[in-house]
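The structure appears right after this line, and notes come after that.
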Protein chains: 2
Amino acid sequence: MRDSVLLLSSDQLNLTFAALADPTRRAILARLIAGHTTVTALAEPHDMNLPAISKHLRVPERSGLIERSRDAQSRPSHLKAEPLKQAVDWLGSNRRH
Amino acid sequence: MRDSVLLLSSDQLNLTFAALADPTRRAILARLIAGHTTVTALAEPHDMNLPAISKHLRVPERSGLIERSRDAQSRPSHLKAEPLKQAVDWLGSNRRH
DNA sequence: CGCATACTTAACCAATCGGTTAATTGCGAA
DNA sequence: TTCGCAATTAACCGATTGGTTAAGTATGCG
């Protein structure tokens, strides 16, 4: 069974914040702001092998932070705005200014 | 040896986002916006015992999200703004997408 | 002092995490 | 069809997480 597309917002916040709680994944997400790119390219700056990056990518994917497509042999990742927006909204509504 | 007060900003982001990645802890932090309160009061809405809440509190404490003081037998928790600000800043500078 | 209140600490446990190596799949080129 | 590149999956491992129960500690009150 694949993961559901519908996530309760609490579950999605769990997954989004968990995805952000690792420096490798934050670097990957920051890189993806510049535009979609392949797993090998995402792996290049990091001192770990492809399977490790592949596993890392599954974390933000489960929260909807990224989506993946296919381009020949490559599986480019694309950043999606909605989960980030949700995280920002939670932080915004929970901060006394 | 106690935890260091000085955290590398990357480490602090790790700890802050990890603290936010759990619904019990988010509820606790949201409650603390209304003002400082005790462990027992924080535990009351949750279906788990005091040691569990005590452990939960150690997570945002390690990131600096909360600080704890003493008032007779109680150990009230206080929300601190700086780590939240850092998290918002990371999200802000990584969203223009 | 003796006792209650408010936690915290210790020990334990199953599940998840973050990495590894080795094998496998998907795709395009020759 | 065979080859090679890109990426995933499987199996494994030690460390961490999130909960439990039971015992220990700090503080205030009569």
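Partners of B/L91 under the side-chain contact (heavy atoms from CB on, under 4.5 Å) rule, at least two apart in sequence or in another chain, are A/L20, A/L84, A/A87, A/V88, A/L91, B/F17.
In this structure, B/S10 and A/R26 have side chains that are in contact, with non-hydrogen atoms separated by less than 4.5 Å.
Panel note: side chain A/Q12, backbone A/S63; a donor-acceptor pair is recorded below 3.5 Å. Of the possible donor and acceptor atoms, none in the side chain of A/R68 sits under 3.5 Å from a partner among the backbone N and O of A/H78. Of the possible polar contacts, one joining the B/R70 side chain to the B/A72 backbone as a donor-acceptor pair under 3.5 Å is found.
If you measure from atom CG of B/L20 to atom C1' of D/dT17, you get 16 Å, rounded to the nearest angstrom. Straight-line distance from the CZ atom of B/R26 to the P atom of D/dG18: 12 Å, rounded to whole Å. The CE atom of A/M48 sits 21 Å away from the P atom of D/dC13 (whole-angstrom rounding). Whole-Å rounding puts the B/E61 CD to D/dT17 C1' distance at 17 Å. Rounded to whole angstrom, the span from the CG atom of B/D22 across to the C1' atom of C/dC17 amounts to 15 Å. The nearest whole Å value for the distance from the NE2 atom in B/H46 to the P atom in D/dG19 is 10 Å.
Across all strands, B/A72 comes closer than 4.0 Å only to sugar-phosphate atoms, never to a base (heavy-atom distances).
In the hydrophobic cluster analysis, where Ile, Leu, Val, Met, Phe, Trp and Tyr join through side-chain heavy atoms closer than 4.5 angstrom, B/I28 is grouped together with B/L79.
Mapping A/D71 and A/A52 onto DNA chain C by nearest heavy atom places A/A52 at the nucleotide closer to the 5' end.
For B/R25, taking side-chain heavy atoms from C-beta onward, the closest of the listed nucleotides D/dG18, C/dT20, D/dT20 is D/dG18.
Contact check, B/R70 against D/dT27: a side-chain N or O comes under 4.0 Å of OP1 or OP2. A sub-4.0 Å separation between OP1 or OP2 of D/dG19 and a side-chain N or O of B/N49 is absent.
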What side-chain donor-acceptor pairs closer than 3.5 Å can you find for residues 36-56 of chain B, not counting sequence neighbours?
{"unit_1": "B/T38", "atom_1": "OG1", "unit_2": "B/A41", "atom_2": "N", "d": "3.2"}
{"unit_1": "B/N49", "atom_1": "OD1", "unit_2": "B/A52", "atom_2": "N", "d": "3.4"}
{"unit_1": "B/H56", "atom_1": "ND1", "unit_2": "B/R25", "atom_2": "NH1", "d": "3.2"}

- line: Whether each nucleotide of nucleotides 2-14 of chain C has a protein heavy atom under 4.0 Å at its base (B), only at its sugar-phosphate (S) or at neither (-) is summarised, 5' to 3', as ---BSBBB-----
